[in-house]
Amino acid sequence: MKLRHVRAIAVFGIAVVALTGARGSHGGSCGGSSSGGGSHSNGNHSDDDGTSGTSGGSVPGGSSSARKAERDVTINECTYDAASKNLVARITVNNDGVLDYDYSVTMKFTGGTATPASATKTAIAVAAGASEKAELTTPYTGTGDGSEYTKCEVSRASRS
């Protein structure tokens, strides 16, 4: 009887980890400043061109719509675009639900000496069972090459 109880708790614990820890990329590195270059993967996306990378991670689970919306966002690339002088985050929003949603996503760009910057995109329409790519940009206010921005992350996401 006791062994059955322990086994049930173990199965429950594994199920909770599988359901809450396997979705979404919460943070990434910007531009060519990721260490090592080459291929980086967060489990959802692999980037082999050496120009950017994502540091994986998952958003803690929860039942709120905001937590679910954050888990639906995968960061594909964060970079500095010299031509437009913008910090750019390229994301994919995956709606595996049964309802269509409009997503609003805010990305935060940070780094050691960088003044934090953010970019928001609203009305990203994603049909039920589909994915949509989006690009979020914010002007680069520095005087260098953007290399001080070494990380980007989803700071807020919602769906309606």
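Numbers here are sequence positions counted from 1.
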- Check Pro139 against Asn86 and note the closest heavy-atom contact, atom names and distance. CA-OD1, 3.2 Å
- First locate atom OG1 of Thr92, then atom CD of Glu132, and finally report the distance between them rounded to the nearest 0.5 Å. 9.5 Å
- Message: For the CG atom of Asn76 and the CD atom of Glu135, what is their distance to the nearest 0.5 Å?
- Response: 11.0 Å
- Check ring-ring contact (aromatic ring centres under 6.0 Å, His included) between Tyr140 and all other residues, then give those that pass, not counting sequence neighbours. Tyr80
- Least distance between heavy atoms, Gly142 atom then Glu148 atom: CA-OE2, 4.4 Å
- Item | Minimum-distance pair of heavy atoms, taken over all atoms of Phe109 and Cys152 | CD2-CB, 3.9 Å
- Message: Could you check whether any side-chain heavy atom of Tyr101 comes within less than 4.5 Å of a side-chain heavy atom of Val93, counting everything from C-beta outward?
- Response: no
- Query: Roughly how far apart are Thr110 OG1 and Tyr149 OH, rounded to 0.5 Å?
  - Reply: 9.0 Å
- Shortest non-hydrogen contact from Arg156 toward Glu70: CA-OE2, 4.3 Å
Would you mind writing out the side-chain donor-acceptor pairs for residues 115-126 within the sub-3.5 Å range, not counting sequence neighbours?
residue	atom	partner	partner atom	Å
Thr120	OG1	Thr106	OG1	2.9

- Message: Enumerate the salt bridge (Lys or Arg N to Asp or Glu O under 4.0 Å) contacts for residues 99-118, please, sequence neighbours excluded, ordered by first and then second residue.
- Response: none
- Query: Ion pair present between Lys68 and Asp96, side-chain N to carboxylate O less than 4.0 angstrom?
  - Reply: yes
- Note on the structure: When every non-hydrogen atom of Leu136 is compared with those of Ile91, the smallest separation belongs to CD1-CD1, 3.6 Å
- Query: Taking all non-hydrogen atoms of both residues, which atom of Val154 and which atom of Met107 are closest, and how far apart?
  - Reply: CG2-SD, 3.7 Å
- Task: Establish whether Val88 and Val73 are linked, either directly or via other cluster members, by ILVMFWY side-chain heavy-atom contacts under 4.5 Å.
- Result: no
